[in-house]
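Below: one structure, written as structure tokens.
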Amino acid sequence: MLQIIRKALPQSLKRPPLMTDRAASLQALLRRAPYVQTLNMRCDIRGDEMTGIMRFDPRLIGNSAKNVLHGGAIGSFLEITAMAQVFLLGDLDTPPRPINLTIDYLRAGQAEDMYARAIVTKMGRRIANVQCAAWQSDREKPIASLRANFMLLPMETLPEK
Amino acid sequence: MPDPENQADIIRENMAKAIAYIPWAKETGFELCSFTKDRVSGKINWRESLIGDPETGVIHGGAITSLLDSLAGMAVIAALNTFKSTATLDLRIDYMRPARKGLTIYGEAECYHMTRTIAFIRGRAYHEEDDKTIATATGTFALNRIENWSTGKHVADNPQSASAKSEKAPSDD
């Protein structure tokens, strides 16, 4: 019923895009990406706050003897959390593409769930700079942090070489 | 306790088998191609579970990070003369171009400098078909003598701790 009324309204009276719409497209984007599912991760979005969550799974282990998470899995988790935060703040439909990233490994990742939050340091027209940190049981003791640059524009829109 | 020199050889000889104890390497389809003191190489075949963008079928950058992270760690182990525990300090990845759908991603890494406490590595990922670099990696690893595991001391090559030889697992490294 509501949809019928909204359709009948003139364009100018329709509501502007809301953060919740942006969140919905981000969730759809993450759901469609097989690698995000392989990592067993999702994003919890409350307003403009977003937390990446990687549920522990034995497949994420990098050293069975020490029972710690693989550095590649932790790095991927940080990268996707950072990408998601940039996407959430942006207005493009295509996912931001990483240009480069640096992962600092601070502590071994234990066989537990992992969380991450990202801060967009600069949102440019073409490039975004992001910082991201991951923790487990104690947020004061980060497991790893990431600094990355993302290209916002899709490949097709970039000028020819 | 076996001779440390032989320990390093044993690790080198059994590296291919050791990968079976890295579940994430198995999950991402990592395969070791070569393992010598100067260089290690490996690959991941294109597979659906690694796709980042379903529109293009391109493998996610994170899978390439995982490949290069594994190879970097192995390059450090390959270069060691005596066995030490290794812990990644940092890893930087530069993405040159997207990987191509359906193609195997090859990776290689080398340890180009080592001090008593730190190993410096560089590596790259590429497609064999056109030899174009997909991504480059540089990283550093902290080295700890295994004797220090039991003492909890993470100051590598501390002569004071060399006498402690308990078999206890490391608490943190």
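In what follows, every chain begins at residue 1, and chains take the letters A, B, ... in the order their sequences are listed.
- At most 12 heavy atoms of other shown residues, nucleotides or ligands fall within 6.0 angstrom of atom CZ in A/Arg55.
- Classification of the A/Tyr35-B/His60 ring pair by plane angle, with boundaries at 30° and 60°, yields parallel.
- Looking at every heavy atom in both residues, B/Pro23 comes nearest to A/Ser64 through CD-OG, 3.5 Å.
- Connection of B/Phe30 to B/Tyr106 is not established within any shared hydrophobic cluster, with ILVMFWY side chains joined at heavy-atom distances below 4.5 Å, either directly or through further cluster members.
- Contacts of B/Glu48 with chain A are made by backbone atoms alone, with heavy-atom separations under 4.5 Å and no side-chain atom involved.
- Contact between B/Gly61 and A/Glu79 at its shortest, heavy atoms only, is C-OE1, 4.0 Å.
- Separating the OG1 atom in A/Thr102 from the CG atom in B/Leu91 is a distance of 8.5 Å, to the nearest 0.5 Å.
- When A/Gly75, A/Pro58, A/Gly62 are compared by the number of non-hydrogen pairs under 4.5 Å with chain B, A/Gly62 comes out ahead.
- Cluster membership for B/Val58 and B/Trp46, using ILVMFWY side-chain heavy atoms within less than 4.5 angstrom, is not shared.
- No more than 12 heavy atoms of other residues, nucleotides or ligands lie within 6.0 Å of CD1 in A/Ile119, so this atom counts as exposed by the packing criterion.
- Linking Ile, Leu, Val, Met, Phe, Trp and Tyr whenever their side-chain heavy atoms come within less than 4.5 Å puts A/Leu88 and A/Leu146 in one cluster.
- Nearest heavy atoms, A/Ala33 versus B/Pro54: CA-CD, 4.4 Å.
- Formation of a donor-acceptor pair under 3.5 Å by the A/Thr38 side chain with backbone atoms of B/Ser49 is found in this model.
- Around CG of A/Asp91, the count of heavy atoms belonging to other residues, nucleotides or ligands within 6.0 Å does not exceed 12.
- Looking at B/Thr138, there are no atoms closer than 4.5 Å to chain A (heavy atoms on both sides), in backbone or side chain.
- Contact annotation for A/Ile74: neither backbone nor side-chain heavy atoms come within less than 4.5 Å of a heavy atom of chain B.
- No side-chain heavy atom of A/Asp57 sits less than 4.5 Å from a side-chain heavy atom of B/Trp24.
- A distance of 11.0 Å separates OG1 in B/Thr28 from CZ in A/Arg59, rounded to the nearest 0.5 Å.
- For the pair A/His70 and B/Ile22, the tightest heavy-atom approach, listed with the atom from each and the gap, is CD2-CG2, 3.6 Å.
- When hydrophobic clusters are built by joining Ile, Leu, Val, Met, Phe, Trp and Tyr residues whose side-chain heavy atoms come closer than 4.5 Å, directly or via intermediates, A/Phe150 is grouped together with A/Ile127.
- Between B/Asp69 and A/Tyr105 the shortest side-chain heavy-atom distance falls below 4.5 Å.
- Only the backbone of A/Asn63 comes within less than 4.5 Å of a heavy atom of chain B; no side-chain atom from C-beta onward does.
- Within the model, atoms CZ of B/Arg92 and CZ of A/Arg147 stand 6.5 Å from one another, a figure rounded to the nearest 0.5 Å.
- Between B/Ser66 and A/Ser76, the closest heavy-atom pair is OG-OG, 3.8 Å.
- Atoms CD1 and CE, on A/Ile99 and B/Met96 in that order, are 11.5 Å from each other to the nearest 0.5 Å.
- Note: B/Ile93 CD1 to A/Asn100 CG = 10.0 Å, rounded to the nearest 0.5 Å.
- For the set B/Leu89, B/Ile64, B/Ile59, the count of heavy-atom pairs under 4.5 angstrom toward chain A peaks at B/Leu89.
- Residues A/Leu29 and A/Leu89 share a hydrophobic cluster, clusters being chains of Ile/Leu/Val/Met/Phe/Trp/Tyr side chains in contact below 4.5 Å.
- The neighbour count for B/Lys37 NZ, taken as heavy atoms of other residues, nucleotides or ligands under 6.0 Å away, is above 12.
- For the pair B/Tyr21 and A/Ile61, the minimum side-chain heavy-atom distance is 4.5 Å or more.
- A/Ile103 has its side chain within reach of B/Thr65: a pair of non-hydrogen atoms, C-beta onward, lies under 4.5 Å apart.
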